[in-house]
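Okay, so here's the structure we're looking at.
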Amino acid sequence: IIKKLAKDFSTDGDLKKSMLLVTAALCCVDGVVDQAEIDKVNELGQKFFKDKYDKNEFETLVKGFLSTIDFSSENEEIIIQREKLINLTATSMRQYAKSSLDDKIAYYSFLSEVALSDGEIHEKELDFLNLVSECLEIKDPFDLKSIASNKSNPNKVTSNIQIESDEARNNSSQAFA
């Protein structure tokens, strides 16, 4: 997908920040940050943002999301907080709704590639991508809903970022208990 739309967005610092924030949320939204997602973001970050891309900045954003909210929790209060955070994050893309159609498809492609990188699109990832497409005022150009209906990938590898953040969040929760 992205190969056709590869464009250099390295001169737009605000776009980079927005894309990294939204991509970090996308990686977290299904409750598991897969190593393939992290690797794909690093690959695409270099491709789109060149030397302006900072792997550590992205990983710090992911850790921030994961240490704030347990994305895998079924606790009703946590779900409400998670949904507010996700909605707020996705709507940061609204500022790019007036961009050219090609640019909006490139932004959406970036996110789609990340969602597909672990071999599946989780329902929560699809919901998040749909929210982003609404904010960008485009329709999903790739019909990700049909892709999402595929079975899950049994070869997923949880990232070290996920493991470390879960441990930190659990330790801080126990300290308050």
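In this chain, residues are counted from 1 in sequence order.
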Inset, instruction - Could you pull out the closest heavy-atom pair between Leu136 and Met93, with the gap in Å? - result: CD2-O, 3.6 Å
Inset, instruction - Would you name the heavy atoms of Phe142 and Ser109 that are closest together and state the gap between them? - result: CZ-OG, 3.1 Å
Legend entry - From Glu125 atom CD to Ser112 atom OG, the distance as rounded to the nearest 0.5 Å: 10.5 Å
Inset, instruction - Answer with yes or no whether the hydrophobic clustering places Leu101 together with Leu111; edges join I, L, V, M, F, W, Y residues whose side-chain heavy atoms lie under 4.5 Å apart. - result: yes
Legend entry - Side chains of Gln81 and Leu85 in contact at under 4.5 Å (non-hydrogen atoms): no
Legend entry - Separation between CD of Glu123 and CG of Asp30, rounded to the nearest 0.5 Å: 11.5 Å
Inset, instruction - Specify the closest pair of heavy atoms between Leu131 and Ile86, including all atoms of both residues, with the distance to one decimal. - result: CD2-O, 4.3 Å
Inset, instruction - Write down the atom of Ala115, the atom of Ile121, and the distance for their closest heavy-atom approach. - result: O-CG1, 4.0 Å
Legend entry - Main-chain N/O of Tyr96 paired with Ser99 side-chain donor or acceptor, under 3.5 Å: yes
Legend entry - Stepwise side chain to side chain contact (heavy atoms under 4.5 Å, CB included) check, Val22 with Ser92: CA-CA 8 Å; Val22 171; Ser92 71; 3.4 Å; yes
Legend entry - Non-hydrogen side-chain atoms of Val41 and Val62 separated by less than 4.5 Å: no
Legend entry - Lys55 side chain vs Asn42 backbone, donor-acceptor pair below 3.5 Å: no
Legend entry - Nearest heavy atoms of Val29 and Phe71, plus distance in Å: CA-CD2, 3.8 Å
Inset, instruction - May I ask you to test the Asp140-Leu129 pair for a side-chain heavy-atom distance under 4.5 Å? - result: no
Legend entry - Lys47 side chain near Glu113 side chain, heavy-atom distance below 4.5 Å: no
Inset, instruction - Treating Ile, Leu, Val, Met, Phe, Trp and Tyr as nodes and any side-chain heavy-atom pair under 4.5 angstrom as an edge, say whether Leu88 and Ile69 lie in one connected cluster. - result: no
Inset, instruction - Could you grab the distance from atom CG of Leu126 to atom OG of Ser146, nearest 0.5 Å is fine? - result: 9.5 Å
Legend entry - Interatomic spacing from CG in Asp118 to CG in Asp39 - rounded to 0.5 Å: 11.5 Å
Inset, instruction - Evaluate the side-chain proximity of Cys27 to Val114: yes if any heavy-atom separation is below 4.5 Å, no if none is. - result: yes
Inset, instruction - First locate atom CG of Leu26, then atom CG of Leu21, and finally report the distance between them rounded to the nearest 0.5 Å. - result: 11.5 Å
Legend entry - Cationic N near anionic O, under 4.0 Å, Lys40 to Glu43: yes
Inset, instruction - Flag the pair Asp34 / His122 as yes when at least one side-chain heavy-atom distance between them is below 4.5 Å, and no otherwise. - result: no
Inset, instruction - Kindly say whether Gln95 contributes a backbone atom to a donor-acceptor pair with the side chain of Lys98 at under 3.5 angstrom? - result: no
Inset, instruction - Supply the atom-to-atom distance Glu59 CD to Asp54 CG, rounded to the nearest 0.5 angstrom. - result: 9.0 Å
Legend entry - Heavy-atom side-chain proximity of Val132 to Tyr107 below 4.5 angstrom: no
Legend entry - Nearest atoms (heavy-atom pairs only) where Phe65 meets Ala25: CE1-N, 3.6 Å
Legend entry - Student check: side-chain heavy atoms of Met19 and Phe48 closer than 4.5 Å: no
